[in-house]
Trainee: 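Would you mind keeping the following structure in view while I ask a few things?
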There are 2 protein chains.
Amino acid sequence: METTWAHRLRETGLRVTRPRLSVLDVLSAHPHADADTIVTGARAQHPTLSPQTVYGVLDALVSVGLARRIEPAGAPALFELRVGDNHHHLVCRSCGVVADVDCAVGAAPCLSPSDAAGFVVDEAEVVFWGLCRACQQPAAAESVQFEAHEIRGGASA
Amino acid sequence: METTWAHRLRETGLRVTRPRLSVLDVLSAHPHADADTIVTGARAQHPTLSPQTVYGVLDALVSVGLARRIEPAGAPALFELRVGDNHHHLVCRSCGVVADVDCAVGAAPCLSPSDAAGFVVDEAEVVFWGLCRACQQPAAAESVQFEAHEIRGGASA
DNA sequence: ACCCTTGTTTTGAACTAGTCAACTTAAGGA
DNA sequence: TCCTTAAGTTGACTAGTTCAAAACAAGGGT
């Protein structure tokens with residue numbers, strides 16, 4: 001495809017900079033990465049990159065809709081590039097791996113709570129908590145727990 | 001009713017202490033209170049109560065199932081006493097007020113993602129984001145924003 | 001009614017994720 | 001190439017929460 005990240009950035013009015021391209025690269029490789037993972041990963045291409053810059057880049061990407069921020073309870077925020085398709089997430093209680101899952105009940109019925117109590121709802125956020133396949137094997141669970149932290153986000157659907 | 005908090009605590013094997021009763025009282029009055037609100041509220045009955053103690057009490061209550069912890073993205077954790085009925089939450093983007101909402105699609109279908117990707121799911125957490133009735137009136141929005149912080153949790157269904 | 005065990009509270013420090021502000025750098029249109 | 005302004009850098013700082021050791025008290029046993 002000819003739609004490069006540089007193009008996508010310019011389309012949204014953002015300048016094309018090395019930190020931004022690095023962060024986008026890391027996010028392509030780690031579909032659910034936290035800020036720390038992104039800093040570490042992006043330093044492969046840009047060794048002096050600071051965490052604050054990454055936070056700035058992520059805020060910019062999220063605000064123009066190129067990235068989405070998810071915050072599973074009890075864990076640092078994760079970022080993903082899959083946007084605009086109203087999908088949800090499976091989170092493993094044991095190792096923290098995140099997988100994508102399409103909306104459970106069709107198109108976007110998520111947006112219709114049974115009783116909105118006067119609220120105007122614009123988004124439904126769904127997190128399914130459970131155990132990933134690897135963590136269901138008790139013996140393997142411990143070692144997997146450490147591996148999974150390294151490859152956080154490697155188990156996307 | 002004759003099921004006092006003291007009873008409920010003993011039933012679960014927890015000792016009955018003043019900090020615990022105070023916290024339970026505050027939670028009864030504020031159905032979605034954060035730790036800080038609880039500390040402040042509980043000090044009405046127990047002025048020397050420390051935040052750490054409240055965190056300890058809340059952990060104890062959550063671990064025996066007397067309370068539930070919810071963590072809306074970007075906000076401190078909230079605690080509620082309504083447990084065991086798989087209900088969800090409406091959160092106002094403007095003022096942070098939280099309201100309860102029953103499971104959108106019947107009994108517990110929330111537990112069935114369309115494709116579980118090998119996960120064994122044990123809970124579905126749903127957060128509906130939007131604007132509460134008060135924050136839908138632009139003119140009033142600003143002043144409401146401050147009020148609502150004080151009465152956080154006052155808008156339960 | 002008292003004592004003893006063990007769970008709780010207290011006290012104080014520490015930690016993590018993330019934010020803020022002032023300054024420097026560089027993207028990209030003129 | 002210059003200039004404007006967005007973006008990156010640097011460093012201090014905060015909120016929310018957790019950890020650890022010592023003091024305390026709930027409630028069962030005697």
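Computation of the quantities below employed the complete heavy-atom set of this structure, encompassing side-chain atoms and omitting hydrogens, waters and symmetry-equivalent molecules. Throughout, protein chains are lettered first and strands after them, A, B, ... in sequence-line order, and every chain is numbered starting at 1.
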Trainee: Find the distance B:R10:CZ to D:dA25:P and express it as a whole number of Å.
Mentor: 18 Å
Trainee: Say you draw a straight line from CH2 of A:W5 to CZ of A:R10; how long is it, rounded to the nearest 0.5 Å?
Mentor: 14.5 Å
Trainee: C:dT9 C1' sits how many Å from B:L14 CG, rounded?
Mentor: 14 Å
Trainee: So does A:H46 get a side-chain nitrogen or oxygen closer than 4.0 Å to the phosphate oxygens (OP1/OP2) of D:dT9?
Mentor: yes
Trainee: Kindly calculate the angle separating the two end axes of the helix from C:dA1-D:dT30 to C:dA30-D:dT1, each obtained from five base pairs, and round it to 10 degrees.
Mentor: 30°
Trainee: Quick check for you: to the nearest 0.5 Å, what is the distance between B:L61 atom CG and B:L27 atom CG?
Mentor: 7.5 Å
Trainee: For B:V16 and for B:E71, locate the closest nucleotide of DNA chain D by heavy-atom distance; then report the residue assigned to the nucleotide nearer the 5' terminus.
Mentor: B:E71
Trainee: Report the distance from atom NE2 of A:H46 to atom OG of A:S22, rounding to the nearest 0.5 Å.
Mentor: 6.5 Å
Trainee: May I have the distance from A:E11 (atom CD) to C:dG28 (atom P), rounded to whole angstrom?
Mentor: 14 Å
Trainee: In this structure, how many angstroms lie between the P atom of C:dG28 and the NE2 atom of A:H7, rounded?
Mentor: 12 Å
Trainee: Give the residues of residues 53-66 of chain B touching DNA chain D, defined as any heavy atom closer than 4.0 Å, sorted by residue number.
Mentor: B:Y55
Trainee: Got a second to check how far B:L66's CG is from B:L58's CG, nearest 0.5 Å?
Mentor: 11.5 Å
Trainee: Rounded to whole Å, how long is the line connecting atom CG of A:L49 with atom C1' of D:dA7?
Mentor: 12 Å
Trainee: Closest approach to the side chain of B:T17, judged atom by atom: which nucleotide of D:dG16, C:dT9, D:dT10 is it?
Mentor: C:dT9
Trainee: Measure the distance from CZ on B:R15 to P on C:dT9 and round it to the nearest whole Å.
Mentor: 10 Å
Trainee: Inspect the surroundings of CZ in B:R8 and state if more than 12 heavy atoms from other residues, nucleotides or ligands are less than 6.0 Å away.
Mentor: no
Trainee: Does any donor atom in the side chain of A:E80 or A:H30 lie under 3.5 Å from an acceptor atom in the other side chain?
Mentor: no
Trainee: Picking from C:dA13, D:dT10, D:dA6, which would you name as closest to the side chain of A:Q52?
Mentor: D:dT10
Trainee: Given C:dT11, D:dG27, D:dG8, which nucleotide is nearest the side-chain atoms of B:S50?
Mentor: C:dT11
Trainee: Does B:R133 have more than 12 heavy atoms from other residues, nucleotides or ligands lying within 6.0 Å of its CZ?
Mentor: no
Trainee: Please figure out whether B:G13 or B:P51 has its closest DNA chain C nucleotide nearer the 5' end.
Mentor: B:G13
Trainee: Could you verify whether a donor N or O on one side chain and an acceptor N or O on the other, from B:E125 and B:H89, lie under 3.5 Å apart?
Mentor: no
Trainee: From C:dG18, D:dT17, D:dA6, pick the nucleotide closest to the side chain of A:A77?
Mentor: C:dG18
Trainee: Measure from the side chain of A:A35, starting at C-beta and using heavy atoms only, and say which of C:dT11, C:dG28, C:dG18 lies closest.
Mentor: C:dG18
Trainee: Between B:R82 and B:D102, is there a side-chain N and carboxylate O pair less than 4.0 Å apart?
Mentor: yes
Trainee: Return the nearest nucleotide to the side chain of A:P76; candidates are C:dA17, D:dT10, C:dG7.
Mentor: C:dA17
Trainee: Using a 4.0 Å heavy-atom cut-off across all strands, classify A:R18 as base, sugar-phosphate, or nothing.
Mentor: nothing
Trainee: Would you say D:dA7 has OP1 or OP2 under 4.0 Å from some side-chain N or O of A:R20?
Mentor: yes
Trainee: Hey, are the side chains of B:W129 and B:C92 touching, using non-hydrogen atoms and a 4.5 Å cut-off?
Mentor: no
